[in-house]
Amino acid sequence: MTPEQPGRQGWPLYEVFVRGKRGLNHVHVGSLHAADDAMALTHARDLYTRRNEGVSIWVVRSEHIAASTRDEKDPFFAPSADKVYRHPTFYDIPDDVPHI
Amino acid sequence: MTTKHAAETPPPDGPDGLQEHFDTTIARDQRVEPRDWMPDGYRRTLVRQIAQHAHSEIIGMQPEGEWITRAPSLRRKAILFAKVQDEAGHGLYLYSAAETLGADRDDLTERLIEGRQKYSSIFNYPTLSFADIGVIGWFVDGAAICNQVPLCRSSYGPYARAMVRICKEESFHQRQGYELLMTMMRGTPAQRGMVQDAVDRWWWPSLMMFGPPDDASPNSARSMAWKIKRHSNDELRRRFVDMTVPQAEKLGVTLPDPELRWNEETGHHDFGTPDWDELTRVIKGEGPCNAQRVQRRRTAHEEGAWVREAATAHAARQAARAEKGAVA
């Protein structure tokens with residue numbers, strides 16, 4: 001990533017997250033290079049919200065993101081697959097019980 | 001997410017299981033994401049295609065940018081500004097997608113200005129009158145839409161997502177072009193003549209935008225197997241012709257192809273063959289504006305160096321101040 005292998009410009013890579021409107025989560029929309037956080041925010045505004053796509057922007061240096069291992073089919077997620085009792089459909093309730 | 005770890009770590013459980021997992025992902029029409037294992041050829045093909053696409057957007061700013069100062073009204077000037085700014089944005093979305101595959105942005109810029117990577121041949125033609133601005137929106141952005149809408153379902157996630165954003169914006173580009181032409185067609189005979197002249201000059205180069213015919217496009221089959229591409233060049237070209245003919249009639253211009261006619265049997269238009277030798281020449285760098293386009297991009301990059309340096313120095317000083325403030 002950027003600090004170990006600076007480009008000719010050496011500007012770090014930022015990931016951009018945009019909140020589309022109030023009530024929604026910030027969603028990752030892409031990345032950009034900037035000299036610092038302030039520039040990353042203004043560039044993110046110019047690049048990713050030219051048509052009112054957002055009411056709030058987060059930018060974070062890519063190198064600061066910790067990520068799970070690389071493949072989505074990784075055993076990392078195995079513990080969530082074998083606990084069927086976490087789902088409401090696991091429980092048999094007679095049809096004539098209301099509101100449940 | 002953009003990290004380069006995937007390219008650097010060796011596969012943990014041998015390449016066979018990973019290849020199989022990749023193949024299954026493609027077969028199930030699921031998306032490949034940056035940190036997934038992928039065959040080298042898939043990665044290389046994508047980097048080449050996405051970079052070429054990004055370069056096209058960046059170079060594509062020039063033919064239209066030349067008319068910003070000469071636009072006939074404030075309205076047209078503002079529209080043209082917004083459109084050229086969008087092209088820059090599209091280029092940046094795509095460079096961002098290329099970086100998720102391990103490409104380096106400065107390196108991509110260098111490859112473009114050194115002529116080591118290509119961009120779309122269409123931008124090597126000159127914009128001779130303001131009608132060209134309208135025709136570019138109508139033909140060139142129309143052809144881009146034909147090409148790009150299927151790419152929204154491309155197998156590589158970041159590329160597909162960039163294309164979704166781009167396609168939303170291209171629709172404005174095409175409509176502003178057509179509206180501009182409708183306005184000129186309501187004008188004087190000279191203005192209508194300008195529109196027809198621009199149509200005559202841009203029609204064939206626009207058809208060439210879809211690339212060589214299928215039997216001369218060696219990489220197409222592999223890209224389609226990987227679902228990077230969804231339709232063949234000829235298929236997309238035909239779709240563009242079918243889409244454009246009724247628009248030309250409505251506008252009142254003639255498309256410069258004596259062989260163009262509706263084919264009742266196929267349900268499509270028959271049309272003439274573009275001059276493939278011309279396409280080869282333009283791709284090889286012998287188009288009317290190749291040298292000028294690349295030189296302009298190089299000059300912009302070099303003349304912008306002091307701005308980038310100043311921004312870096314400013315960021316460093318701000319950081320130093322913040323640190324001093326924190327200590328005090």
Side-chain angles (χ1 to χ4, degrees), chain A residues 1-18 20 26-54 57-78, chain B residues 1-9 11-13 17-18 21-22 24-25 30-37 82 85-86 88-97 99-100 102 104-110 158 161-162 165 168-169 172 305 308-319 322:
Chain A
M1 284 207 289
T2 323
E4 296 85 37
Q5 275 189 314
R8 254 67 77 219
Q9 198 48 54
W11 287 357
L13 189 65
Y14 283 83
E15 302 298 328
V16 181
F17 301 80
V18 171
H26 285 76
V27 173
H28 182 243
V29 292
S31 66
L32 51 79
H33 289 269
D36 60 13
D37 296 355
M39 186 195 234
L41 275 174
T42 50
H43 279 187
R45 177 201 59 198
D46 294 346
L47 185 55
Y48 290 106
T49 62
R50 287 195 302 284
R51 289 178 174 79
N52 301 320
E53 290 97 333
I57 298 176
W58 291 345
V59 290
V60 59
R61 294 267 289 260
S62 306
E63 58 178 325
H64 290 161
I65 292 181
S68 60
T69 39
R70 58 225 197 101
D71 209 296
E72 284 170 21
K73 245 195 116 184
D74 195 89
F76 186 73
F77 293 103
Chain B
M1 267 281 310
T2 314
T3 67
K4 290 181 183 171
H5 293 152
E8 289 153 13
T9 18
D13 55 340
L18 293 169
H21 182 215
F22 173 83
T24 315
T25 304
Q30 290 174 334
R31 297 291 176 266
V32 177
E33 294 295 343
R35 290 158 60 83
D36 293 349
W37 181 90
Q85 194 187 16
D86 274 353
H90 297 176
L92 296 177
Y93 303 155
L94 288 161
Y95 283 134
S96 161
E99 278 185 303
T100 66
D104 173 84
R105 193 168 311 205
D106 290 313
D107 181 53
L108 293 174
T109 303
E110 242 163 57
R161 292 191 286 273
R165 298 186 73 85
K168 279 186 195 160
E169 300 179 354
F172 141 58
R308 297 192 294 275
E309 282 159 20
T312 306
H314 177 73
R317 200 175 58 178
Q318 293 295 109

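Per chain, numbering begins at 1; letters A, B, ... match sequence-line order.
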Colleague: Answer with side chain, backbone, both or neither: which region of A:Leu47 has an atom nearer than 4.5 Å to a non-hydrogen atom of chain B?
Modeller: both
Colleague: Within the side chain of B:Thr25, is there an N or O that forms a donor-acceptor pair under 3.5 Å with the backbone of B:Gln30?
Modeller: no
Colleague: Measure from the side-chain N and O atoms of A:Arg50 to the backbone N and O of B:Ala82, and report whether any donor-acceptor pair falls under 3.5 Å.
Modeller: no
Colleague: If I take atom CZ from residue B:Arg317 and atom CG from residue A:Asp36, how far apart are they, to the nearest 0.5 angstrom?
Modeller: 12.0 Å
Colleague: Under 4.5 Å heavy-atom distance to chain A, tell me which part of B:Phe22 shows up: side chain, backbone, both or neither.
Modeller: neither
Colleague: For chain A, find which of B:Gln85, B:Glu169, B:Lys168, B:Gln318 contributes the most heavy-atom pairs closer than 4.5 angstrom.
Modeller: B:Glu169
Colleague: Do B:Arg31 and B:Asp36 sit within salt-bridge range, that is, some charged N less than 4.0 Å from a carboxylate O?
Modeller: no
